[in-house]
Amino acid sequence: PDESNIFSFKKDGKRHLLKTSELVYLTANGKKTILHTINKDIEINELMEDILLRLPKENFLRVHKKYSLNLSFVHSLEHLSSGDYQAFLH
């Protein structure tokens, strides 16, 4: 498999592999990050900024200090009166 499409991380003393196409979005949670996948949520002991360095830049965008999105799952964006945007995912 193309290694740029695989994200490797440690959890519970084991190394896990995850297809980046299954990673919908990430949430920063202090010094941990929650990986929200198609099937489940996985909390790992790694900063989101460090994770983003290992994910394909063309697919993952940090949209807030707490959130990053896989652009493959973004259906549309709505401009809000506050000047912010709301993302709608598939």
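Position 1 is the first residue of the sequence; numbering continues from there. As the structure is a prediction and not an experimental result, all values here were calculated from the model.
- If you take CD1 on I38 and OG on S21, they are separated by 6.5 Å, rounding to the nearest 0.5 Å.
- A donor-acceptor pair under 3.5 Å links the side-chain atoms of H16 to the main chain of K11, judged by distance alone.
- Within 6.0 Å of NE2 on H79 lie more than 12 heavy atoms contributed by other residues, nucleotides or ligands.
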>> Apply side-chain contact (heavy atoms from CB on, under 4.5 Å) to residues K66 and T27 and explain how you reach the verdict.
In response: CA-CA 6 Å; K66 192 168 177 159; T27 303; 3.8 Å; yes
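- T37 has its side chain within reach of L18: a pair of non-hydrogen atoms, C-beta onward, lies under 4.5 Å apart.
- The structure places NZ of K57 at 11.5 Å from CG of N59, a figure rounded to the nearest 0.5 Å.
- Minimum heavy-atom separation, P56 to T20: CD-CG2, 4.1 Å.
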side-chain contact (heavy atoms from CB on, under 4.5 Å) between I51 and I44, worked out | CA-CA 10 Å; I51 292 170; I44 62 173; 3.6 Å; yes
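- Looking at L71 and F60, their side chains never come closer than 4.5 Å, going by heavy atoms from C-beta outward.
- The aromatic rings of Y67 and H64 lie tilted to each other, with the angle between the two planes from 30° to 60°.
- With hydrophobic clusters built from ILVMFWY side chains whose heavy atoms lie under 4.5 angstrom apart, V24 does not share a cluster with I42.
- The two atoms that bring D41 and H36 nearest to each other are OD1-ND1, 3.0 Å, heavy atoms only.
- Side chains of S68 and L52 form a contact here, defined as non-hydrogen atoms less than 4.5 Å apart.
- To the nearest 0.5 Å, the span separating CD on E49 from OG1 on T33 amounts to 9.0 Å.
- Residues meeting the salt bridge (charged side-chain N to carboxylate O under 4.0 Å, His left out) test with E46, sequence neighbours left out: R54.
- Using modelled atom types, one finds a donor on one side chain and an acceptor on the other under 3.5 Å when comparing N29 with E43.
- Looking only at side-chain heavy atoms (C-beta outward), Y25 and L35 stay at 4.5 Å or farther from each other.
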Side chains of residues 81-90: which donor-acceptor partners sit under 3.5 Å, not counting sequence neighbours?
| from | atom 1 | to | atom 2 | distance (Å) |
| --- | --- | --- | --- | --- |
| S82 | OG | D84 | N | 3.3 |
| S82 | OG | D84 | OD2 | 3.4 |

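- With rounding to the nearest 0.5 angstrom, the CG atom of L55 is 6.0 Å from the CG atom of L23.
- Summarising the geometry, atom CD belonging to E22 is positioned 8.5 Å from atom CD1 belonging to I6; distances are rounded to the nearest 0.5 Å.
- Considering only heavy atoms from C-beta on, L17 stays 4.5 Å or farther from F9 through its side chain.
- M48 and A28 make their closest contact through CE-CB, 3.8 Å (heavy atoms, listed as atom of the first residue, atom of the second, distance).
- A donor-acceptor contact shorter than 3.5 Å links the side chain of N70 to the backbone of S72.
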